[in-house]
Amino acid sequence: MHPRLAEDLNSLPDLLDAARELAGEALAGLPERPAAVPPGDVPRAPLPGDGAGARGALEEFSRRWEAGFAGSAGPRYLGFVTGGTTPAALAGDWLTSAYDQNPASGTDSTASDLERETVGWLAELFGLGPEFSGAFVSGATMSTVTGLAIAREWLGERAGISVSEDGAAALGPVTVLSGSAHSSVLKAMSFLGMGRSALRKLPVLPGREAVDVDQLAAALESLDGPAVVVANAGTVNTVDFDDLRAIAALKQRYGFWLHVDAAFGGFAALAPEHAALTAGLDQADSVVVDLHKWLNVPYDSAVQFTRRRDLQLRVFGNTAAYLGEIGEKPDFLHLTPENSRRLRALPAWFSLVAYGRDGHREIVERCVSLARDLGARLDGSPHWRLLAPVRLNVVCFAPAVERDIDALVHAIAEDGTTFLTPTVYDGHPALRAAFSNWRTTAADVDRVFAALERAAAG
């Protein structure tokens, strides 16, 4: 054994204490850490030869890199719909690394059963019945890839071919319909060989990002064969929801695959005031939910759900002698693009056990309330104008007078109080403030609004 490894093994409890102390200091300082740290020019160090040991690595990280890490887990980071990490989820994540389980196979531990339990709880949270199965993936993009891969196999089934056996070329051109598809849908379509051009963007309701269901019906009527419909349970700019019940009703007339992007909007199901927005989600054929957003577990973590596990197995089934038979309770390596992966379910399991449905409902309701508060303040300011109502947890707004949005985003980041991301809404350059962190309070809204007023005056 290398001397450094032997030394670190012998002092492992002390090393973990040192790492815990560094993490504790970072978390204690998180409320005041800059929400964003514009990247600097850190010279690249040469690859170590003998190595400095774990303590040396901690010291070098602290010296060279730690100060440049953003407060993205903190209460005023409002970009990208980024959640934080609840205390229980953090504990679960540390144990995930300590136990280092690979839940892809159920032959050597109970880790995959813990994942099944967690997926079952999550399905219950989102109102998905026992006909749905699910699995953990890295994020909404990979959840979308998985769902649309199953949809592609369904299209093949309707055409009497197996895409998983014969390839996407055997299927030929496909049609994907959506009103406001997230960019990850196009990425997934490119990845899966459907092609980005297969997406037909449909008209949306006036002043909305929700699809016009009548226009969707007309598009379906005009098709010669089956299609995939991508519906939104929360758009990225304004958290607008398609009428999922009305879309699901169209399935009785037109046979299509309904894929619902509920990456963060699906969490509206937890709050009685907003749960109606997700009505009809249980009629989807595949569903995307991102957990490192509103569930507040560490990156990377998401789930995908589908009611057609048979097609999922046809796409992702991995037959090899050393893996054994698939069986009635398929291992997760047969359900997603990954074979080996970390036990992403454990942080989510910890957070669900620790705080339950009610604790996570409170996070959702508080974030919505805070987003509405910021929206009202911006609406009352002469420096800003809302571009859309605050429907849930995202505020979409723009300067009252034309400004360079990229320069404004940079100025806000330089201030350090908060971090927002730019967007374009209805042709207008805009800013987005997304509330999804369990730490955020009304006092943080005070500081965010003050920082935005400073930026507007600058």
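A quick note: this is a predicted structure, and the numbers were derived from the prediction, not measured.
Note that CD of Glu273 and OG of Ser369 are 9.0 Å apart. Values are rounded to the nearest 0.5 Å. Within the model, atoms CZ of Phe316 and NE2 of His334 stand 13.0 Å from one another, a figure rounded to the nearest 0.5 Å. To the nearest 0.5 angstrom, Ile150 atom CD1 is 4.0 Å from Thr306 atom OG1. Taking NZ of Lys187 as the reference point, atom NE2 of His182 lies at 10.5 Å (rounded to 0.5 Å). Rounding to the nearest 0.5 angstrom, the gap separating the OH atom in Tyr77 from the OG1 atom in Thr82 is 5.0 Å. Rounding to the nearest 0.5 angstrom, the gap separating the CH2 atom in Trp349 from the CG atom in Leu343 is 11.0 Å.
In Lys201, the NZ atom is crowded: over 12 heavy atoms of neighbouring residues, nucleotides or ligands sit closer than 6.0 Å. By the neighbour-count criterion of 12 heavy atoms within 6.0 Å, atom CD of Glu362 is densely surrounded, having more than that number from other residues, nucleotides or ligands.
A donor atom on one side chain and an acceptor atom on the other are found under 3.5 Å apart for Asn237 and Thr423. Judged purely by distance below 3.5 Å, without hydrogens or angles, the side chains of Asp93 and Thr96 never pair a donor atom with an acceptor atom. Counted by atom type alone, Trp384 and Glu453 present one or more donor-acceptor pairs between their side chains at under 3.5 Å. Using a 3.5 Å distance cut-off with no hydrogens or angles, the side chains of Asp290 and His292 do pair a donor with an acceptor. Side-chain atoms of Ser286 and Arg308 include no donor-acceptor pair closer than 3.5 Å. When only modelled atom types and interatomic distance are considered, Arg432 and Thr421 share a side-chain donor-acceptor pair under 3.5 Å.
Considering every non-hydrogen atom in both Phe69 and Arg33, the closest pair reads O-NH1, 2.8 Å.
Taking the centre and axis of the six-membered ring of Phe435, the NZ or CZ atom of Arg372 falls outside the cone set by 45° and 6.0 Å.
Counting only distance, with no hydrogens or angles, the side chain of Asn10 and the backbone of Ala6 share a donor-acceptor pair below 3.5 Å. Of the possible polar contacts, one joining the Gln101 side chain to the Tyr99 backbone as a donor-acceptor pair under 3.5 Å is found. Asn102 places a side-chain N or O within 3.5 Å of a backbone atom of Ala104 that can act as its donor or acceptor partner. Side-chain atoms of Asn437 come within 3.5 Å of backbone atoms of Ala73 as a donor-acceptor pair (strictly under, hydrogens ignored).
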